[in-house]
Amino acid sequence: MSALDEVRAMMIFARVVDEGGFSAAARKMGLSRAAISHQIRQLEAKLGVPLLRRSTRTFSLTDAGARYYDSCRTITLEAEAARKRVEELRDEPVGKISITSSVHLGNLRIVPILNRFRQTYPDVAIDVHLSDEVVDLIKLGIDIGIRSGPLKSSDLKSFKLYQTRRIICASPAYLERVGAPETVDELASHDWVMYSRVPETLTLMCDGAEQKVRVKGNVRVDNATARLQFMRGGHGLSVVPLCDIQDEIRDGRLVWVLPDCRLPDLEIYAVFAAGVTRSAKIQSLLEFMRNDMRDIDISRNGG
């Protein structure tokens, strides 16, 4: 008898005692009376002592059986408690969620949302990884990754959080120094704060026509926060999400360049391994993030 078989037989023995008979235990456990009797005989053979005194219609515990029952009952209760804990993880937002995001997006949007989420669901523990590297969620055991653009891996599922415009932007100081571009072609002659996630060849729709322009610059970054800092400092034009700087556009601290031309929108997704969303904690967080970002989503609000 293996250790696993022995534990199963111990739980059957406890059920027989609790139910007061083999037939009642068999009905409760969905087994035959013969299977129950076989498990008890194997357990007694393994232990080398009788656990029950059997008669035609009833039984009683031996001294060894009475002592052994306490341990069997404890194992049964622990197993039931473990099952309930797992069911709670499935049905209620409890447990730990690990999530990764870029540093800029994480600090700007994801961490504030997680702060509000935990105030609503204090039984959920949060493990946050902020990195501008695209990490392997499955390899590292991370529940949710926040990504821009369409999903490329077939091993992952995605949940769209929001969609926002990308715009060309510059500081007033830079434009005062070199002049504002008035056409798409003029963009090629300007300095740019280059960002590793934005292609060097930009595609814009102007007056219904698609135009392409290749841009370059002496400042190149792999972090969106650094991009904003250099652009605000007057080092050149840059492509940025409108939702990140719309207050600065509104009050004149930054200038929207060629506002009549449109770049492809930026789409932000939560990605995760298949099956993760069966957990109530993951479902609750995804919906919480989606609803929290509702106001910046131009796919809902137009724009």
Side-chain angles (χ1 to χ4, degrees), residues 99-117 119 128-132 134 144-151 158-172 174-175 180-181 187 192-199 202-206 215 217 219 221-271 285-303:
I99 184 168
T100 182
S101 169
S102 69
V103 177
H104 176 75
L105 183 60
N107 285 320
L108 182 66
R109 303 205 185 282
I110 304 304
V111 170
I113 289 174
L114 293 176
N115 176 37
R116 293 188 288 273
F117 178 77
Q119 291 172 356
V128 183
H129 304 262
L130 299 184
S131 172
D132 289 320
V134 178
I144 300 173
I146 308 300
R147 300 281 186 265
S148 62
L151 190 62
S158 64
F159 183 94
K160 185 176 176 181
L161 295 174
Y162 69 92
Q163 180 174 336
T164 185
R165 288 193 66 172
R166 284 189 176 105
I167 70 167
I168 299 171
C169 194
S171 71
Y174 172 79
L175 297 177
L187 296 175
W192 285 76
V193 178
M194 305 296 291
Y195 180 45
S196 58
R197 297 189 181 184
V198 175
L202 303 180
T203 302
L204 299 96
M205 291 294 297
C206 305
V215 299
V219 177
V221 299
D222 63 359
N223 176 278
T225 301
R227 171 186 59 183
L228 284 175
Q229 292 298 327
F230 279 112
M231 187 263 291
R232 289 168 178 150
H235 294 274
L237 306 174
S238 194
V239 174
V240 296
L242 175 59
C243 63
D244 288 2
I245 45 84
Q246 54 191 355
D247 290 342
E248 293 172 88
I249 294 289
R250 189 179 300 115
D251 62 23
R253 286 177 289 159
L254 294 175
V255 178
W256 186 342
V257 174
L258 298 179
D260 293 331
C261 295
R262 184 148 191 160
L263 290 157
D265 291 341
L266 174 66
E267 296 179 338
I268 300 297
Y269 292 87
V271 299
L285 178 56
L286 291 175
E287 289 297 336
F288 194 94
M289 287 193 294
R290 182 76 169 101
N291 290 331
D292 199 282
M293 296 174 177
R294 182 188 301 268
D295 291 341
I296 64 174
D297 188 351
I298 62 171
S299 66
R300 291 189 178 191
N301 301 316

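Values below: every heavy atom of this structure, side chains too, minus hydrogens, waters and symmetry copies.
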Under 4.5 Å between any side-chain heavy atoms of [X] and [Y], yes or no?
{"X": "Arg147", "Y": "Val134", "answer": "yes"}
{"X": "Asp292", "Y": "Arg116", "answer": "yes"}
{"X": "Leu263", "Y": "Ile167", "answer": "no"}
{"X": "Leu175", "Y": "Val257", "answer": "yes"}
{"X": "Ile146", "Y": "Arg109", "answer": "no"}
{"X": "Met231", "Y": "Leu254", "answer": "yes"}
{"X": "Leu237", "Y": "Pro181", "answer": "yes"}
{"X": "Phe288", "Y": "Leu286", "answer": "no"}

Just by distance, with hydrogens left out, do His104 and Asp244 show a side-chain donor and acceptor under 3.5 Å apart?
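Yes, side-chain donor-acceptor contact under 3.5 Å.
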
Distance (rounded to the nearest 0.5 Å) between [X] [atom1] and [Y] [atom2]:
{"X": "Glu267", "Y": "Gln163", "atom1": "CD", "atom2": "CD", "result": "4.5 Å"}
{"X": "Ser158", "Y": "Ile268", "atom1": "OG", "atom2": "CD1", "result": "12.5 Å"}
{"X": "Arg253", "Y": "Cys169", "atom1": "CZ", "atom2": "SG", "result": "11.0 Å"}
{"X": "Ser102", "Y": "Leu108", "atom1": "OG", "atom2": "CG", "result": "9.0 Å"}
{"X": "Phe117", "Y": "Ile99", "atom1": "CZ", "atom2": "CD1", "result": "9.5 Å"}
{"X": "Ile249", "Y": "Gln246", "atom1": "CD1", "atom2": "CD", "result": "9.5 Å"}

Heavy-atom pair of closest approach, residues [X] and [Y]:
{"X": "Ala224", "Y": "Tyr195", "value": "N-CE1, 3.7 Å"}
{"X": "Leu105", "Y": "Tyr162", "value": "CD1-OH, 3.4 Å"}
{"X": "Pro112", "Y": "Gly106", "value": "CD-O, 3.9 Å"}

Using modelled atom types and a 3.5 Å cut-off, is there a donor and acceptor pairing between side-chain atoms of [X] and backbone atoms of [Y]?
{"X": "Ser238", "Y": "Val193", "result": "yes"}
{"X": "Asn107", "Y": "Val103", "result": "yes"}
{"X": "Thr100", "Y": "Gly145", "result": "no"}
{"X": "Arg227", "Y": "Val239", "result": "yes"}
{"X": "Asn291", "Y": "Glu287", "result": "yes"}
{"X": "Asn223", "Y": "Asp132", "result": "no"}
{"X": "Trp256", "Y": "Ala170", "result": "no"}

Can you list the steps and then say if Ile245 with Arg250 is a side chain to side chain contact (heavy atoms under 4.5 Å, CB included)?
CA-CA 9 Å; Ile245 45 84; Arg250 189 179 300 115; over 6 Å; no

Does a salt bridge link Arg166 with Asp265, judged by any charged N lying under 4.0 Å from a carboxylate O?
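Asp265 and Arg166: not salt-bridged.
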
Evaluation steps, side chain to side chain contact (heavy atoms under 4.5 Å, CB included), between Ile168 and Leu204:
CA-CA 10 Å; Ile168 299 171; Leu204 299 96; 3.8 Å; yes

I would like to know whether Leu114 and Leu285 meet side chain to side chain contact (heavy atoms under 4.5 Å, CB included); could you show each step before the answer?
CA-CA 8 Å; Leu114 293 176; Leu285 178 56; 3.8 Å; yes

Can you check side chain to side chain contact (heavy atoms under 4.5 Å, CB included) on Arg290 and Phe159, steps first, answer last?
CA-CA 9 Å; Arg290 182 76 169 101; Phe159 183 94; 3.6 Å; yes

